[in-house]
*Asks:* 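Quick one: the structure is below, and I'll ask about it shortly.
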There are 2 protein chains.
Amino acid sequence: MTDATGAGDAIRVAVSTVIFSLRTAEDGDRLMLPLVRRTRTPHLGQWALPGGWLDPAEDLDAAASRTLAETTALKPSYLEQLYTFGDVDRAPTRAISIVYWALLRSDLVDAQRAAAGAPENVEWFDVDAMPPLAFDHNRIADYALWRLRNKVGYSRIAAGLLPDEFTLTELREVYETVLGQRLDPSNFRRLLEGSDELVPTESFRTGNHRPARLFRYVASA
Amino acid sequence: MTDATGAGDAIRVAVSTVIFSLRTAEDGDRLMLPLVRRTRTPHLGQWALPGGWLDPAEDLDAAASRTLAETTALKPSYLEQLYTFGDVDRAPTRAISIVYWALLRSDLVDAQRAAAGAPENVEWFDVDAMPPLAFDHNRIADYALWRLRNKVGYSRIAAGLLPDEFTLTELREVYETVLGQRLDPSNFRRLLEGSDELVPTESFRTGNHRPARLFRYVASA
DNA sequence: ACAAAAGTGTTTACTGTACACCCATGA
DNA sequence: TCATGGGTGTACAGTAAACACTTTTGT
């Protein structure tokens, strides 16, 4: 940056978000993301990532949250910047997209839809069955999914898909759904119990069989 | 993104680069980065990261390379997008900075300076002794350094700081300088030799003692 | 011959994984 | 009492760290 009055003209700045959640399907929970059907050219009628233009008076994170709420009525449980896409030919006229990725607790999806009224032109898609998207959004969604799967391996990010309290089996199933592979229940238990980030509560989830202890993540580890 | 004619006005887009190289100091090689002294307001006279405004007709990577060359006459050996900084109050008037981080082979620094003529207002600083920088550039430089140290641990990125061929001791010293800690020579050797990414050559580095075999990284692993 | 760096071998501890097994509950 | 998921114990394999040791060169 050399000046505050330079030649920054004619470049429009968009902010988009790839937001994941777990949604119940025929064969158990699936990792899904909401898409918005475009109502304008270019790519009119095609599915696209939720987003909008950056307002000159708002921070980037705020723009991601605002445009996500405006298009889908959803508020993310976790939000992180992903990458800025800016190839000259990615849209008919020059536009760069600052893309965020986000997680939404599964227990909040329907509550938020109910509170805001189901928005038009929004539909959830399984990450393993994505339609063709507008612009370079397929590439963007793939990259976000890669980052999510990567980060699940070395952080407690998966908690962003669950309520505050959960059983170890529920947490393991989140990992299994996101990563697309089975994990050994006993080893998973030891790994997470020994991590000092997970604390047992005195509550139990009761069901068909032996009750399972509920856990929560520590506040600020 | 909802439209190609939206309200993206009044937001200027800059591209900056944090480029690292190894430079010889009194106490051995140090990890350093070049800064540019500002010749305009705001922050006139302060040190800042090399960069410039994004041209509407160029890709983001190209803008990073171009602005780096214009301000420092350097061409990176490795270049990767870091993060986009866009807080409303990070500059007097709204400007977002798409920041890249880069590595420069130590054998090319002086060659490039000689070829292009030493640029004005550029100086190299030890990453452990940074001056106060313009805007939020201290925070940006810190983040880039964190990313470099992180990535050195799980990738062969360190090769971007060395010539094509090098001894294992030279490579280990790069790791030690970047990470700021000593590594066991024999364990380092076994780890890297067994990685299938490093291939031995028939050349040797001759010196005061037993000659050391030169290695190179495989082309496309 | 000696110093110093190059390079090899061995021991130990730790971590991830597989899997056998016991426990507690609802039906 | 039985089926099922909750939860514990153990054994094995692969990897990382520590460090003793041998090899090869210049002086």
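What you are looking at is a predicted structure, and each value in this text was computed from that prediction instead of being measured. Side chains are part of it too, since the values below use all heavy atoms of this structure and drop only hydrogens, waters and symmetry mates. Throughout, protein chains are lettered first and strands after them, A, B, ... in sequence-line order, and every chain is numbered starting at 1.
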*Asks:* Would you call A:E123 and A:R37 a salt bridge, taking side-chain N to carboxylate O under 4.0 Å as the test?
*Replies:* no

*Asks:* Considering only nitrogen or oxygen atoms on both sides, find all protein atoms under 3.5 Å from nucleotides 22-27 of chain D and state each distance.
*Replies:*
| unit_1 | atom_1 | unit_2 | atom_2 | d |
| --- | --- | --- | --- | --- |
| D:dT23 | O2 | B:R210 | NH1 | 2.5 |
| D:dT24 | O4' | B:R210 | NE | 3.4 |
| D:dG26 | O4' | B:N208 | O | 2.7 |

*Asks:* Ring centres under 6.0 Å, that's the criterion: do B:W101 and B:Y143 meet it?
*Replies:* no

*Asks:* Between A:S21 and A:S106, is any side-chain donor less than 3.5 angstrom from a side-chain acceptor?
*Replies:* no

*Asks:* Would you kindly say whether B:R189 and B:T169 are connected by a side-chain donor-acceptor distance under 3.5 Å?
*Replies:* no

*Asks:* Walk me through whether B:F166 and B:Y217 qualify under side chain to side chain contact (heavy atoms under 4.5 Å, CB included).
*Replies:* CA-CA 10 Å; B:F166 45 82; B:Y217 275 105; 3.6 Å; yes

*Asks:* Nearest whole Å is fine: how far is C:dG7 C1' from B:L214 CG?
*Replies:* 15 Å

*Asks:* A:R213 has an atom CZ; how far is it from atom C1' of C:dC23, in whole Å?
*Replies:* 14 Å

*Asks:* Does the protein touch nucleotides 13-21 of chain C at the base, only the backbone, or not at all? Give it as B, S and - per nucleotide, heavy atoms under 4.0 Å.
*Replies:* ---SBBB--

*Asks:* How long is the line joining CZ of B:R189 and P of D:dA17, in whole Å?
*Replies:* 17 Å

*Asks:* Once you round to the nearest 0.5 Å, how far does CZ of B:R216 lie from CD of B:E197?
*Replies:* 15.0 Å

*Asks:* So, A:D164 and A:R105, do they make that salt bridge, N to O below 4.0 Å?
*Replies:* yes

*Asks:* Once rounded to the nearest 0.5 Å, what's the spacing between atom OG1 of A:T24 and atom CG of A:D29?
*Replies:* 4.5 Å

